[in-house]
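Everything below concerns the one structure shown next.
First the proteins, then the strands, lettered A, B, ... as listed; each starts at 1. Side-chain atoms are counted along with the backbone in the values below, which use heavy atoms only and exclude waters and symmetry mates. Keep in mind it's a predicted model, so treat the numbers as computed, not measured.
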Protein chains: 2
Amino acid sequence: MASSIHDLARHLNISIGTVSRALNGRADVNADTRQRVLEAARALNYSPNQSGRSLRQGATHSIAFMLQPHPGDQEYGEPFFIPFLTGLQGRLAESGLDLIVVMGAPGDYQQERLRRVVETRRADAVVLAWTRREDERIDYLTQAGFPFATLGRSRSGDKAYPSLDLDFEKAGADAVDRLVERGHRRIAAIRPSLDLNFGYLFLDGYRKALRRHGIAVDPHLIADGFINEAGGYEVTPRVMRRKDPPTAIIFNNDAMALGGCKALAEMGIKPGHDMAVTVIVDTPLCRYFSPALTAFRPALQPMGRRLAEMLLASLPAFAGPEGPRILREVWPLELIARDSD
Amino acid sequence: MASSIHDLARHLNISIGTVSRALNGRADVNADTRQRVLEAARALNYSPNQSGRSLRQGATHSIAFMLQPHPGDQEYGEPFFIPFLTGLQGRLAESGLDLIVVMGAPGDYQQERLRRVVETRRADAVVLAWTRREDERIDYLTQAGFPFATLGRSRSGDKAYPSLDLDFEKAGADAVDRLVERGHRRIAAIRPSLDLNFGYLFLDGYRKALRRHGIAVDPHLIADGFINEAGGYEVTPRVMRRKDPPTAIIFNNDAMALGGCKALAEMGIKPGHDMAVTVIVDTPLCRYFSPALTAFRPALQPMGRRLAEMLLASLPAFAGPEGPRILREVWPLELIARDSD
DNA sequence: TGTGTTCTCGTAAACGTTTACGGAAAAACG
DNA sequence: CGTTTTTCCGTAAACGTTTACGAGAACACA
């Protein structure tokens, strides 16, 4: 059906070797023949069979991004990732690489799927998102010697792989600073209960900032819940049912914040009025919620580009005109002040 | 590095042919040898090289979903697709197929990228989303004889490919019915200006329902805009600045509705109070917006599963125990009444 | 003219599988 | 015991590329 390099060769009456060399821009082919080959390729609508190339070269020319929804995340999805992927894809395409997004079922941990991608050599490298504190995916990949980069740090952080993360620690601290400045002293923090590393970073920043202001860290004002709306809805009351309830809550996740606000509403508490609410990672939902939620916004698309660059620099086949490899970068989150605090 | 079938064969002192047959469950291999092969495969952590299989078999065992953001869609993404993809992925995985999502840059039309996937044989079939009225992707694929399925219909609808769509026509009509029932007679319709087919379907339903109620269709109450927030913001005033403005607006898209509501707010008009607002495709944003927007909700995850099934049934290698192939299905949208109308 | 160099191309092996074919051994059958 | 069938396995080709190697022709140089 589709034309192969043999068809081209036969059509031009030259050997497949020459055709291949002409197509791949090698030097040892006559300028004239190359011209003819290229024209014939266009005429016969030839493009090389990817499996053939991959097999011979041992490279697939594609990068895998592992994506799967959080457990119970039927409806929401992560709109978050689309701009990130756009940036990632854009940069990879410039280097002739395809981005393939490998979907998993919601909830099942990626280990199995990751193994498949690696072992069947479906991609030349992978990009992981939302690294965990202790991330067995990272251990697996380093041990397997498979190239990868991560969106997010993990605790075993000194390993030599490119990683790009957001400064959740600073965001947590900034959020506290802002709230303290506005007169709050009882500030709650609600984060996902999963082992997701950003949850720890956020809490560290939160704690440090409180201490800096001479405010004791009250463990009753810190709570963990499922990383979705139901989680926020369930866990927020736990922090409120104290004789000395908080006057402000920082949510580490937009979905949890929405659930939390629902719980607050049922208690007759109005965010932005009776309670200051801050969200660490901004999404469109924060903007459209009423009241619009003050939140910290990441530069997703540039981050995607950057992580692609870092990954490329770590791949021998693409390592540019030198320059030391960039191993980790931590990007700031920008405060978007709205109406909820 | 990674073990090949040759390693296995050498290790077991049998031929690679036998190893392959054992692994693939062929009948002509001794039960005992098969056992040994499987054990050795586990021990040596063998899994077949995907490129090798694909090359030999002429099949990649993966399905491509073409995804790219709408032009100008930097921030929002389409949370829409995640649950759909989850369903799609789940069903494909059950048949041993991988789902790969091929990202494109925002705005660039998919034709080029699609050609690449097809011509380099990266996938065995593709799934298209948001078909256009006149969709050259469909023409290309049918002409190339490449298997595919679509989320959404297109006008050249009698071609023989599986397609699953939402009943936008009925939703448009239902929306009108509901509004008329509640006393509205000046009902505007705002939809994307792109050639997206659902925009036409929606408008058909809208028109028919109006006529059924004996209400003349006023072209001044119909407007097209960019399929994003800015589009809704820009186009909504155009419909309002009439001496006989509408008392209700149906938006064909959540993002456009949000922009439209912003424009209304600036005119001092409160949705759900001074103006009834209905959205055709529900998303989490509709739910969290204030006022919560009445919207028509699709069953995304089941749709994903179903489309996978339809696609599989159309692939010779997977066609189940017969039953005629399902070519097109149109699923209902469920009205979620909220506070905006 | 002889020797060395440069261009250009064909040959063939290799990547890791799957599978058609055939043959040896074992089993079944008369 | 001879013949036929069945069971099991090895051989080798094929999928579509890329690339190391070598060879012929053209050219340069002395």
Given B:D124 and B:T60, is the side chain to side chain donor-acceptor pair (under 3.5 Å) satisfied, shown in steps?
-> CA-CA 6 Å; B:D124 299 338; B:T60 64; 2.8 Å; yes
Which pair of heavy atoms, one from A:S154 and one from A:T131, lies closest together, and at what distance?
-> N-OG1, 4.2 Å
Separation of atom CD1 in B:I5 from atom P in D:dA14, rounded to whole Å | 19 Å
Check: B:Q301 and B:T86 side chains under 4.5 Å, non-hydrogen atoms | yes
A:R53 side chain, from C-beta outward: closest of C:dT17, D:dT17, C:dC9 = D:dT17
Write down the distance between CG (A:L23) and P (C:dC9), rounded to a whole number of angstrom.
-> 14 Å
Gap between atoms CZ and P, on A:R10 and D:dG16 respectively (whole Å) | 11 Å
Determine whether any donor atom in the side chain of A:R21 lies under 3.5 Å from an acceptor atom in the base of C:dG10, or the reverse, and answer yes or no.
-> yes
Roughly how many Å is it from CD in B:Q57 to C1' in D:dC15, rounded to a whole number?
-> 10 Å
Say whether A:S15 and A:T18, considering side chains only, have a donor N or O and an acceptor N or O under 3.5 Å apart.
-> yes
For B:P48 against B:R53, the heavy-atom pair lying closest together = CB-CD, 3.8 Å
Choosing from D:dT18, C:dG10, C:dT19, which nucleotide comes nearest the side chain of B:S20?
-> C:dT19
Separation of C:dG16 P from B:I16 CD1 (nearest whole Å) | 11 Å
Residue pair A:N13/A:L55 against DNA chain C: nearer the 5' end by closest nucleotide is A:N13
So what does A:N30 touch, heavy atoms closer than 4.0 Å: a base, only the sugar-phosphate, or nothing?
-> sugar-phosphate
Considering only heavy atoms and no angle criterion, is a donor-acceptor pair shorter than 3.5 Å present between the side chain of B:R56 and the base of D:dG16?
-> no
Assign A:G58 to base, sugar-phosphate, or nothing according to its heavy-atom contacts below 4.0 angstrom with the strands shown.
-> nothing
Which whole-number value in Å describes the distance from A:I14 CD1 to D:dT18 C1'?
-> 15 Å
Are any of B:N24's side-chain N or O atoms less than 4.0 Å away from OP1 or OP2 of C:dT18?
-> yes
Just call it for B:T33: base, sugar-phosphate, or nothing, with non-hydrogen atoms closer than 4.0 Å on any strand.
-> sugar-phosphate
Rounded to whole Å, CG of A:D28 lies from P of C:dG10 at a distance of 12 Å
Rounded to whole angstroms, how far apart are CG on B:D32 and P on D:dC8?
-> 10 Å
A:G52 or B:T18: which one's nearest nucleotide on DNA chain D is closer to the 5' end?
-> B:T18
